[in-house]
**Q** 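This structure is in structure tokens; I'll ask about it shortly.
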Amino acid sequence: MASEKEIKEIYENGMNILEDLTNNVQEIQEQVLEEILKSNAGTEYLSRFFPNGEADNQSFKTNVPIITYEDIKPYIDRIANGETSSILLAYRIIQFLLSTGTSGGQPKLIPMTAESFEKRMSDLLLSDLVTRKCFSGSDEGKSLYLYFIKPEMETPSGLKASFFTTFYFKTESFKNGLAKFFTSPIDTILCLDNKQSMFCQLLTGLLQRDEVVRFGSTFASVLARTIKFLEDYWRELCCNIRTGYISDWIIDPGCKNAMSLILTRPNPELADSIQQICEDKSWEGIIVKLWPNIKYIHCIITGSMSQYVSLLEFYGGGIPLVSPIYNSSESSFGINLKPLSKPFDVSYTFLPNTAYFEFLPVGKDGEGKTQETWTDDEPVDLANVKLGRYYEVVVTTLAGLYRYRVGDVLKVTGFRNKSPQFQFVERRNVVLSIDVDKTTEEDLSKAIMKAKLILEPLGIMLTTCSSYADTSLTPGRYVLFWELKMKGRNDLPKLDAKIMEQCCCIVEESFDFTYKSHRKGGAISALELRVVKHGTFDELMDFYVSKGVSVAQYKPPSCLKSEEAVKILNSGMVGKFFSPKTMF
């Protein structure tokens with residue numbers, strides 16, 4: 001694991017490292033692939049593609065097929081059940097990472113080695129360095145980052161499986177190094193009860209409010225939930241601060257011990273200050289009011305997280321939103337070298353030393369929609385992608401993934417020296433589908449963004465949303481779930497039927513030609529919008545967490561597949577609206 005000396009070296013020489021990486025993309029990529037083949041060509045999986053034993057870079061591209069998780073799952077399952085990892089890779093697997101994606105309803109198991117962990121850490125540290133250089137004074141003070149873990153699973157082989165955050169926060173490099181820059185004691189992060197963990201982390205953050213210069217979490221969805229939690233518990237937090245005693249329901253030993261070292265005396269003056277801020281009718285800018293020295297909000301806000309941008313802008317009071325890094329359970333990809341970019345302009349510069357990258361060209365139809373499959377063009381190397389083109393990323397790693405389709409569609413937006421910069425467009429496998437129509441995550445997100453614009457002048461905020469394809473009727477229809485609230489209050493807004501129907505129309509009008517033609521021909525019914533009460537999406541998150549998803553890595557599903565999830569949202573419904581029966 002990264003030592004304190006190695007961490008210091010990255011912070012001291014990070015910009016020179018970045019210049020070297022981005023100026024030598026082709027050479028570094030070829031070296032990475034050579035290293036992977038030198039180590040792993042003799043494994044059971046790869047050796048069958050090199051019958052003559054000649055495993056060079058060109059024969060790899062010619063002989064090894066592009067795959068999905070299902071193709072490599074039998075090998076991973078064999079390792080998880082006790083066979084040697086050498087059937088897939090030469091390096092020792094230290095544990096499996098759980099992917100937020102699933103296979104057959106179960107989380108995917110992604111091998112992780114010490115080497116692959118080091119590469120991830122290097123990218124995280126470089127990203128942090130770039131961000132801090134953009135904000136003077138951010139090197140001083142502490143980070144109020146809300147992080148959570150889930151229990152580890154143990155496979156029959158004895159290898160553990162967990163989400164990356166769970167593994168990372170238990171490493172010595174975090175405990176003995178980076179943890180000292182956080183307001184949250186390590187025992188509050190490692191608490192398995194998310195409610196106790198959240199309460200204690202917020203309490204320690206409020207007790208150190210003048211020292212906090214960075215506020216964030218892994219994903220924007222976690223910060224949205226944090227604000228909701230703060231709305232529900234600020235009075236109790238103030239009571240703890242005022243009396244100097246922790247609430248009786250905090251029973252986790254680690255949390256109790258950690259809080260006993262921080263909550264050492266009554267502080268009525270601090271409690272009064274926080275109470276005065278939280279009693280304000282409007283919570284606009286509440287984050288910067290509670291933590292006045294914050295320089296930026298740090299979390300992933302691209303992809304499905306973009307739905308939280310307006311909410312964080314409102315509660316953040318104009319503090320910059322920084323989306324620092326693009327990674328997944330499979331690999332680290334790139335970092336944001338322009339932290340001050342507007343949320344919808346964020347691009348990530350790929351770092352050529354983390355893995356070997358290829359790109360499947362993705363065509364665009366006349367209305368700018370990504371096509372279902374890639375074009376007949378051959379995969380393109382990282383150094384040869386073209387500005388303005390769309391690609392699906394394919395990754396090869398030291399940890400046993402070979403020409404693996406991640407499923408993300410990206411757009412080339414520029415270059416840092418010779419290294420391409422990509423904007424996340426959509427996750428390929430997230431679609432609403434009725435008969436021959438398929439509406440992607442990108443299409444749906446853009447349509448909802450247009451529709452919610454008519455709500456904003458009315459003081460109404462769309463806080464969270466999801467969707468599903470209702471095929472219980474003939475013809476089927478797309479159904480949207482929206483959670484709405486008044487700005488600065490949890491009050492449910494008065495729902496004007498005409499306004500809500502207009503939202504439905506705007507969404508449908510934003511969809512592509514195929515949808516409109518089927519809608520006009522009666523093959524798809526009018527779109528339905530179901531508004532749910534405040535807190536309903538928290539219940540949905542609790543449901544997924546109960547099924548094993550980590551709070552820190554939870555991503556609200558853009559498209560629901562689970563009947564149980566649909567039932568949860570339906571249980572909170574307070575109104576439903578439809579587009580006109582005939583349109584277009």
Side-chain angles (χ1 to χ4, degrees), residues 97-101 120-121 123-132 134 143-149 163-166 168-169 214-227 287 294-313 315-316 319-351 354 393 406-411 413 421-428 430 441-442 445 449 463-466 537 541 544 549-558:
L97 293 181
L98 295 175
S99 171
T100 50
R120 286 175 180 272
M121 281 302 303
D123 285 4
L124 287 169
L125 293 172
L126 284 172
S127 171
D128 187 56
L129 171 66
V130 170
T131 301
R132 292 189 185 205
C134 286
S143 301
L144 172 50
Y145 286 167
L146 286 301
Y147 288 133
F148 307 90
I149 69 166
F163 293 99
F164 177 76
T165 47
T166 296
Y168 171 53
F169 294 131
R214 298 171 293 275
F215 179 79
S217 187
T218 314
F219 294 114
S221 57
V222 181
L223 295 185
R225 187 176 176 91
T226 299
I227 293 166
I287 294 173
I294 283 179
K295 305 292 183 180
Y296 57 88
I297 296 174
H298 184 275
C299 61
I300 302 300
I301 52 173
T302 49
S304 61
M305 294 296 114
S306 62
Q307 64 179 284
Y308 298 104
V309 167
S310 59
L311 182 144
L312 291 179
E313 288 178 334
Y315 288 109
I319 294 175
L321 304 180
V322 176
S323 193
I325 195 164
Y326 169 38
N327 58 20
S328 69
S329 300
E330 291 84 0
S331 176
S332 180
F333 298 94
I335 63 177
N336 180 4
L337 296 183
K338 297 179 180 179
L340 292 173
S341 297
K342 296 294 184 182
F344 294 101
D345 295 330
V346 169
S347 292
Y348 302 101
T349 303
F350 269 44
L351 301 181
T354 56
V393 62
V406 176
D408 293 350
V409 175
L410 313 173
K411 179 184 179 181
T413 56
Q421 296 170 318
F422 293 90
Q423 191 172 67
F424 184 93
V425 177
E426 66 183 7
R427 180 131 297 164
R428 176 65 81 166
V430 179
E441 180 182 25
E442 180 194 20
S445 177
M449 289 295 177
T463 59
T464 321
C465 59
S466 191
F537 273 87
M541 179 176 179
Y544 282 109
V549 173
S550 166
V551 171
Q553 294 192 256
Y554 172 72
K555 302 175 185 177
S558 300

**Q** Are the side chains of I301 and C299 in touch, meaning some heavy atoms are under 4.5 Å apart?
**A**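 Yes, their side chains come closer than 4.5 Å.
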
**Q** If the condition is salt bridge (charged side-chain N to carboxylate O under 4.0 Å, His left out), which residues does R225 pass it with, not counting sequence neighbours?
**A**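 For R225, the residues satisfying salt bridge (charged side-chain N to carboxylate O under 4.0 Å, His left out) (neighbours in sequence not counted) are D538, D542.
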
**Q** Within a strict 4.5 Å, meaning less than it, do heavy atoms of the V393 and Y326 side chains meet?
**A**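 A side-chain contact exists here, since the closest heavy-atom pair is under 4.5 Å.
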
**Q** Looking at every non-hydrogen atom in both residues, tell me the closest pair between V130 and N336 and how far apart they are.
**A**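 Looking at all heavy atoms of both residues, the shortest contact is CG1-O, 3.8 Å.
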
**Q** Once side chain to side chain contact (heavy atoms under 4.5 Å, CB included) is applied, do any residues pair with T165, and if so which ones, sequence neighbours excluded?
**A**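 Side chain to side chain contact (heavy atoms under 4.5 Å, CB included) list for T165, sorted by chain: F163, F169, T218, S550, A552, Q553.
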
**Q** Would the distance check show the side chain of S221 and the main-chain N or O of Y554 forming a donor-acceptor pair, the cut-off being under 3.5 Å?
**A**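 Flag set: sc S221 to bb Y554 pair under 3.5 Å.
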
**Q** Over all heavy atoms of both residues, which pair between N327 and S332 is shortest? Give the atoms and the distance, please.
**A**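 Looking at all heavy atoms of both residues, the closest pair is CB-CA, 3.7 Å.
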
**Q** Does any part of the side chain of Y308, heavy atoms only, come nearer than 4.5 Å to the side chain of L223, both counted from C-beta?
**A**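 A side-chain contact under 4.5 Å is absent here.
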
**Q** S558 and S466: which non-hydrogen atoms are nearest, and at how many Å?
**A**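 Minimum heavy-atom separation between S558 and S466: O-OG, 3.7 Å.
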
**Q** If I compare all heavy atoms of L97 with all of F164, which pair ends up nearest, and what's the gap?
**A**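 Taking L97 first and F164 second, the nearest heavy atoms are CD2-CA, 3.7 Å.
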
**Q** Measure the spacing between CZ of R132 and NE2 of H298 and express it to the nearest 0.5 Å.
**A**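 Nearest 0.5 Å value for the CZ-NE2 distance: 9.0 Å.
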
**Q** If I compare all heavy atoms of S143 with all of R214, which pair ends up nearest, and what's the gap?
**A**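 Looking at all heavy atoms of both residues, the closest pair is OG-NE, 2.5 Å.
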
**Q** Take F350 and F422 through the test ring-ring contact (aromatic ring centres under 6.0 Å, His included) and record every step on the way to the result.
**A** CA-CA 8 Å; F350 269 44; F422 293 90; 4.6 Å; yes

**Q** Which heavy atom of L410 sits nearest a heavy atom of V425, and at what distance?
**A**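 Reported closest heavy-atom pair: C-CG2, 3.9 Å.
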
**Q** Any sub-3.5 Å donor-acceptor pair from S127's side-chain atoms to P324's backbone N or O?
**A**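 Yes, S127 side chain to P324 backbone: donor-acceptor pair under 3.5 Å.
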
**Q** Under 3.5 Å, is there a donor-acceptor pair between the Q421 and T349 side chains?
**A**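 Indeed, the side chains of Q421 and T349 share at least one donor-acceptor pair under 3.5 Å.
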
